[in-house]
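Worksheet for the structure shown next.
What's counted below: heavy atoms across the whole structure, side chains too, no hydrogens, waters or symmetry copies. Chain A is the first sequence line, chain B the second, and so forth, proteins listed ahead of strands; every chain is numbered from 1.
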There are 2 protein chains.
Amino acid sequence: MSNSKKHTLAIVDDHLLFASSLEKLINTFPEFQVLFKARHGLEMQNELKGNDTIPDLILLDINMPVMNGFETVAWLTENHPKVKVLALSVEDNEGIILKMIRGGAKGYFLKDIHPDDLKFALLEVMEKGYYYSERVTSTMVNALQPGAKEPTVKLRENELTFLQLACSEMTYKEIADVMHLSPKTIDGYRQELFNKLGIKNRVGLVIYALKNHLIEL
Amino acid sequence: MSNSKKHTLAIVDDHLLFASSLEKLINTFPEFQVLFKARHGLEMQNELKGNDTIPDLILLDINMPVMNGFETVAWLTENHPKVKVLALSVEDNEGIILKMIRGGAKGYFLKDIHPDDLKFALLEVMEKGYYYSERVTSTMVNALQPGAKEPTVKLRENELTFLQLACSEMTYKEIADVMHLSPKTIDGYRQELFNKLGIKNRVGLVIYALKNHLIEL
DNA sequence: AATGAATACAGGGAAAACCCCGTTGTTTTA
DNA sequence: TAAAACAACGGGGTTTTCCCTGTATTCATT
């Protein structure tokens with residue numbers, strides 16, 4: 001295959017070692033060539049501005065500093081709708097998958113994927129415009145099944161704030177103070193969350209917040 | 001450099017894509033050659049048995065299924081003390097660093113390291129026997145400073161079990177049941193942990209367990 | 001103008017969590 | 001071998017969490 005016919009791509013990932021290694025791997029695929037690497041969305045934006053050739057495809061990490069995968073994919077669908085985005089993550093989480101797909105990602109896979117499968121996925125995306133693994137497909141089907149499960153519990157602004165504060169050593173009264181609300185209102189939020197999320201006590205709140213990345217560490 | 005003089009190494013990491021990519025990268029270093037890859041400690045053990053040439057150096061991930069980095073480095077120092085182990089992790093955590101060093105690792109670095117630095121580290125380890133970045137060095141110094149801080153709070157077997165169970169929606173009474181102990185004993189563990197760890201309530205326990213990787217998810 | 005949903009809040013009570021102080025037996029250590 | 005630390009447990013009390021029911025207000029819908 002001649003050089004000019006190669007598909008071009010970019011890698012956006014803050015793990016330098018991974019990004020550099022992946023570049024080497026992908027450059028061994030005759031159909032592809034890595035144009036550039038960036039450590040996060042902002043760096044990618046600068047690369048896209050400085051370069052006149054934009055890549056056909058972008059491999060996008062989700063957990064990044066400065067500008068993460070969600071923000072980046074949103075920006076790309078807005079500013080470069082033709083560029084195909086493949087999300088790359090360590091985490092197998094339904095919520096994350098859906099968030100990226102809704103953001104415009106054309107595919108999603110885990111970092112424990114086999115290199116051969118990666119190559120297949122890359123080719124599929126260039127050919128068909130998308131690549132969804134079984135895992136991702138089932139997640140989407142699940143999400144669209146109306147009866148089965150609630151899509152993703154929607155939290156109101158105040159509920160989210162409360163939930164985050166509940167993941168600390170503060171008492172509910174103290175939380176009420178910093179939120180400038182009555183302790184009884186907080187009590188209502190708590191009860192409502194217990195019902196919505198199907199949990200029994202405050203530890204359940206913490207676990208939920210952690211699993212759904214509503215708080216850090 | 002002739003082939004026979006190359007240093008040999010192995011990569012132990014459950015992220016197939018990363019491992020394969022890293023292999024490609026390292027094989028571009030003229031001084032090194034990847035002998036094999038494994039997805040976790042157990043798979044590595046089998047590789048070591050099946051192969052008659054053991055690698056000079058092993059790049060070891062920490063978070064792995066089946067047999068993690070801590071267990072693996074312990075096994076290696078026991079069974080193959082000549083093999084140099086370099087720990088590779090995404091997390092910059094003092095506790096983890098110390099745990100690996102104490103286990104016998106000759107170096108520790110984060111996955112966001114620059115490829116050039118990786119190469120330098122690999123060469124250093126083969127030449128001097130160890131490679132410690134500034135970050136790791138300062139961590140070790142900190143740990144050995146006698147006055148400054150308590151090393152790391154030591155948890156007894158039962159306290160650890162209790163702590164892990166406390167990170168669920170179980171009541172203390174239920175925890176007492178599954179541990180076959182009186183609720184009052186559990187009460188004592190709780191109180192003791194609060195004192196040792198300087199926390200005020202159960203949420204504090206959960207946060208501590210999470211930060212110190214005493215529980216998963 | 002009536003209805004209903006959403007939001008902030010209150011009373012009151014039961015259950016859990018939190019805290020201190022004390023006992024017994026065992027094991028470790030000075 | 002005595003002192004100290006450890007381990008399991010109990011009495012009893014305060015605070016926080018949990019839970020149910022109910023009210024006043026707002027705001028959009030019919």
For B/Asp187 and B/Tyr172, what are the C-alpha separation, side-chain angles and deciding distance, and is it a side-chain hydrogen bond (donor to acceptor under 3.5 Å, both in side chains)?
CA-CA 8 Å; B/Asp187 199 45; B/Tyr172 289 140; over 6 Å; no
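Distances shown here put a side-chain N or O of A/Gln191 below 4.0 Å from the OP1 or OP2 atom of D/dC20. Side-chain nitrogen and oxygen atoms of A/Asn158 include at least one within less than 4.0 Å of the OP1 or OP2 phosphate oxygen of C/dA8. The side chain of B/Tyr189 contributes an N or O atom lying less than 4.0 Å from OP1 or OP2 of D/dA8. Under 4.0 angstrom from either OP1 or OP2 of C/dC19 there lies no side-chain N or O belonging to B/Asn195. For A/Arg156, a side-chain nitrogen or oxygen approaches OP1 or OP2 of C/dT7 to under 4.0 Å. For A/Thr171 and D/dT16, the shortest distance from a side-chain N or O to OP1 or OP2 is not below 4.0 Å. For the OP1/OP2 pair of D/dT15 and a distance below 4.0 Å, the side-chain nitrogens and oxygens of A/Tyr172 include no atom meeting the criterion.
Residue A/Arg202 is classed as a sugar-phosphate contact, given heavy-atom separations below 4.0 Å to backbone atoms only. Within 4.0 Å of B/Lys173, counting heavy atoms only, lies no atom of the nucleic acid at all.
Rounded to whole angstrom, the span from the CZ atom of A/Phe162 across to the C1' atom of C/dT7 amounts to 16 Å. Rounded to an integer number of Å, the gap from B/Asp187 CG to C/dC20 C1' is 10 Å. Regarding A/Asn201, its CG atom lies at a distance of 8 Å from the P atom of D/dC19, rounded to whole Å. As rounded to whole Å, 10 Å separates atom P of C/dC9 from atom CE of A/Met179. Between A/Leu165 atom CG and D/dT17 atom C1' the separation is 17 Å, expressed in whole Å. A/Glu159 places its CD atom 11 Å from the C1' atom of C/dA6, with the value rounded to the nearest Å. Put simply, CZ on A/Arg190 is 5 Å from C1' on D/dC18, counting in whole angstrom units. Here D/dA5 presents its C1' atom at 11 Å from CD of B/Glu192, a figure rounded to the nearest Å.
The aromatic rings of B/Phe120 and B/Tyr131 sit perpendicular, their planes meeting at an angle over 60°, well past the 30° parallel limit.
Dense packing is recorded around NZ of B/Lys111, with more than 12 heavy atoms of other residues, nucleotides or ligands lying under 6.0 Å away.
Side-chain proximity of B/Ser182 to the nucleotides C/dC19, C/dA17, D/dC9 is greatest for D/dC9.
Under 4.0 Å is where a charged nitrogen must lie from a carboxylate oxygen, and between A/Asp56 and A/Lys84 no such pair does.
A donor N or O paired with an acceptor N or O is not found under 3.5 Å between the base of D/dG22 and the side-chain atoms of A/Lys184.
With a 4.5 Å cut-off on side-chain heavy atoms, A/Ser20 and A/Lys37 count as touching.
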